[in-house]
Each structure stands twice: as C-alpha cells, then as structure tokens.
Amino acid sequence: GIDWGITRRTAIDIAGQSGLAGQDGLAGQSGQSGEQADPAPVLRAFPVATLWLDEATDVGQAPDAPRAISRIEWVQQTVDTWISLAEPVADSISTALIDALQGQLPEELGTALGGFGPIMRSVGGALFAAQLGQVVGKLSHEVAAGGDVGIPLFEGPGREGGALIPSGVATFAEGLEQDREAVTLYLAVRELAHARLFRHTKWLRLHLTTAIVDYARGMRIDTGRIEELARDLDPSDTEAMQRLVSSGALIPPKTPEQEAAHARLETMLALIEGWVDVVTADAVKRLPGAEAIAEMVRRRRATGGPAEHAFGTLVGLELRPRR
C-alpha cells in the first residue's frame, strides 16, 4: 500500500514555512499575513456575520462554533479528505507505472528479482504521496476559508461550523484597497453561509465526495503511453520519476462517462457557489466596499491558485466550478 504518512508530514512541513513568495507564484507570507496573524479580528467578525446571515436566510447556523485556525491546523484537519480524493488515481498510476518499468527488464532479470515488484510499487506510491503533500501544503498558503475550494473539507465533531485562516485572510486583504475589518467580515459571512448550507442539506457532503471518488475510480490509465514513457525512464532516477508523476503526463484524456460525471459535478459545485454568493450579497448589503470584495472573490474563483492547478494536474480533476 501507499504510505500516506509522507503526505501528512510533507504538507505540515510546507504549511509551517514562511516567505513562499516567488514559489509557483504564491503570495508572500510575512508580517501581518504570516502564520502569526492575529486571530482576534476573525473571532470578532463571526458573531456579526451570524446576525447578518440570520436576517438573510432561514437556513440555521451549524451547531459547531466557527473557528480561527492556523495553516498547519488546516492541513491536519483536511489532509484525510485530500487523500481520499487522490487515492484511487494514485493506486492506478503507481501500479501501471511499475508494471511498465518491470516490462522493460530482461525476462531473466525480471524472474530473478521475483518479489521486487511490490517494493517498486511502494516507491511509485511514495512519489505520488510526496507530490500530494507538496500540493496540500502549498494550498494552505492559498486558502483563507474552509469553503474556499468549494468542496467540504472538514469533517468530524466540532469541525463543521466554518473556519477562517487569519494569515490567509490577511493575505487576501493585501490585494484590496478596502478596510481590513470589512474584508474579514465579508469572508466570515461567506464561510458561515457555506457551513450552514452543508449543515442543512446533510446529503450534500456525501453526494459531492462520492461523485469525485467515482470520477477518479473511473479513470483508465493509458498503459501504452506509460510503456512508451518508461522506455526512456531510469527507475533509479527518482527525480525524473517525480517530475513524470507531477506533470500529469500519466493522466489520460477523460472518457465520455467521466466527461458526463465532471459536468454533473461542475453543476453541483456551481449551484453551491451560487447559493452562497446570493445569500452573502444579501447579508452584507450594509457593508462598505462589499461589491469590490465580491469581485475579488469571483476573480480568485475563476483563476484558482497555483497549488490548486497542481492538484488538478496530479489527480486529473479540477474542483472549481466553471459554470
């Protein structure tokens, strides 16, 4: 099997780093926007956001209290969800890649190596796990709220009331000529609206995660393409193998069934985002600069961040709604 502990350790290590400016275009994490960003403004925003949402929607608040969390806590509490989304693809790629590499060995050497196959397969899995850890760690520097990616990442007692990352909120506010507290309050309203929706429609979380996992399991790795790539690949060159895994070259074009599944997923994600947008706009109508902040949210959603694109390349699945 794949040692997903590599993913956890790598992601936590990267989440704890500062000064990531220039790495894959990530925003700098320094001063107020660093991991030591003050959680007080976030905690002050939550009660006001709750009152405004009570006026805008009948969908009640989640029983769990909203939280201010660090980037490392975000990784620790979401990494299992990321692993569950990536695991079917990782298994397929790891098996196909190692089978192709073994096929390049002379027959007598392959027979002599005997049980070496499982070891090689675990190496391929470790490469994928490390790549996923890098992606999740870098994602922690891009997100400001639990619902930023669209899918529900948090699960378990006490975790479903919504969460903001103070350092992420500070970084988001740096790109706006708006009052920092107004930006924090707007993001708090969005996040709590997202949490309320998933609390109210209890089937929605399972519906989304099942659709994503089914999509990933439906992927058929192009073994011919892998065999072609394996001819020029040295199994001892782990850096070359890592580049191959992270490049997306092993992910085949979507099948018609996957295209249909992806379209359904996009529609559901767009409906979720649309509901949150409408409720948030109604709740923050008295907030100065709300339209400018909403435009920045829309722009970020349309473009996505580098780490989010890296996840799409690694797993073959983009999570942002395109509709």
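Start at 1 with the first residue, then count along the sequence.
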Output the distance between atom CG (Leu287) and atom CD (Glu181), rounded to the nearest 0.5 Å. 11.0 Å
The criterion is side-chain hydrogen bond (donor to acceptor under 3.5 Å, both in side chains); which residues satisfy it with Asp3, sequence neighbours excluded? none
Side-chain heavy-atom pair Leu176, Val183 within 4.5 angstrom cut-off: yes
Test: Arg298 and Glu291 ion pair at under 4.0 Å: yes
Find out whether Leu208 and Pro152 are in side-chain contact, i.e. whether some heavy atom of one side chain is under 4.5 Å from a heavy atom of the other. yes
Hey, are Glu273 and Arg190 close enough for a salt bridge, meaning a charged N less than 4.0 Å from a carboxylate O? yes
Report the distance from atom OG1 of Thr78 to atom CD of Glu73, rounding to the nearest 0.5 Å. 11.5 Å
Please answer: with hydrophobic residues joined when any side-chain heavy atoms are less than 4.5 Å apart, are Trp203 and Phe154 in the same cluster? yes
When rounded to the nearest 0.5 angstrom, what is the spacing between CZ in Arg159 and CG in Leu153? 11.5 Å
Could you go through Val279 and Trp52, starting from their C-alpha distance and side-chain angles, then the distance that decides it, and tell me whether this counts as side chain to side chain contact (heavy atoms under 4.5 Å, CB included)? CA-CA 10 Å; Val279 171; Trp52 286 4; over 6 Å; no
As an exercise, state the distance from CD1 of Ile293 to CZ of Phe172, rounded to the nearest 0.5 Å. 7.0 Å
Scan for salt bridge (charged side-chain N to carboxylate O under 4.0 Å, His left out) pairs involving residues 160-171, sequence neighbours excluded, and state none if there are none. Glu160-Arg205
Are side-chain heavy atoms of Phe311 and Val136 found at a separation under 4.5 Å? no
CA sep, side-chain torsions, deciding dist, call: Val75, Leu139, side chain to side chain contact (heavy atoms under 4.5 Å, CB included): CA-CA 9 Å; Val75 166; Leu139 259 172; over 6 Å; no
Acceptor/donor pairs from residues 6-14 side chains to any protein atom, 3.5 angstrom cut, sequence neighbours excluded:
unit_1: Thr7; atom_1: OG1; unit_2: Ala129; atom_2: O; d: 2.8
unit_1: Arg8; atom_1: NE; unit_2: Asp80; atom_2: OD1; d: 3.4
unit_1: Arg8; atom_1: NH2; unit_2: Asp80; atom_2: OD1; d: 2.5
unit_1: Thr10; atom_1: OG1; unit_2: Ile6; atom_2: O; d: 2.8

When you look at Ile2 and Glu87, which way does the side chain to side chain contact (heavy atoms under 4.5 Å, CB included) test go after all the steps? CA-CA 9 Å; Ile2 295 174; Glu87 193 165 20; 5.6 Å; no
Flag the pair Trp275 / Thr57 as yes when at least one side-chain heavy-atom distance between them is below 4.5 Å, and no otherwise. yes
Salt bridge or not for Arg301 and Asp148, using N-O below 4.0 Å? no
Determine, stepwise, if the pair Val79 / Trp4 fulfils side chain to side chain contact (heavy atoms under 4.5 Å, CB included). CA-CA 10 Å; Val79 68; Trp4 293 110; over 6 Å; no
With a 4.5 Å limit on heavy-atom distance, are the side chains of Val89 and Leu314 in contact? no
With a 3.5 Å distance limit and no angle check, can you tell me whether Ser140 reaches the backbone of Gly137 through a side-chain donor-acceptor pair? yes
Strictly below 4.0 Å, N to O, side chains only: are Arg286 and Glu55 in salt-bridge contact? yes
Among Asp58, Thr201, Asp54, which residue satisfies the side chain to side chain donor-acceptor pair (under 3.5 Å) criterion with Arg196? Asp54
So, the side chain of His194 versus the backbone of Ile151: is there a donor-acceptor pair under 3.5 Å, distance only? no
Using side-chain heavy atoms (C-beta onward) and a distance below 4.5 Å, is Leu85 in contact with Val315? no
Does Arg67 have any side-chain hydrogen bond (donor to acceptor under 3.5 Å, both in side chains) partners at least two apart in sequence or in another chain, and if so, which? Gln77
Quick check: do Ser167 and Arg71 have side-chain heavy atoms less than 4.5 Å from each other? yes
Is the shortest side-chain heavy-atom distance between Val135 and Gln131 below 4.5 Å? no
Under 3.5 Å donor-acceptor, Arg300 side chain and Val143 backbone: no
Roughly how far, to the nearest 0.5 Å, is CD1 of Ile165 from CD of Glu142? 11.0 Å
OG1-OH distance between Thr280 and Tyr186, expressed to the nearest 0.5 angstrom: 5.5 Å
Side chain to side chain contact (heavy atoms under 4.5 Å, CB included) against Ala40, all qualifying residues, sequence neighbours excluded: Asp38, Arg44
Contacts of type side chain to side chain contact (heavy atoms under 4.5 Å, CB included), residue Leu271, not counting sequence neighbours: Thr267
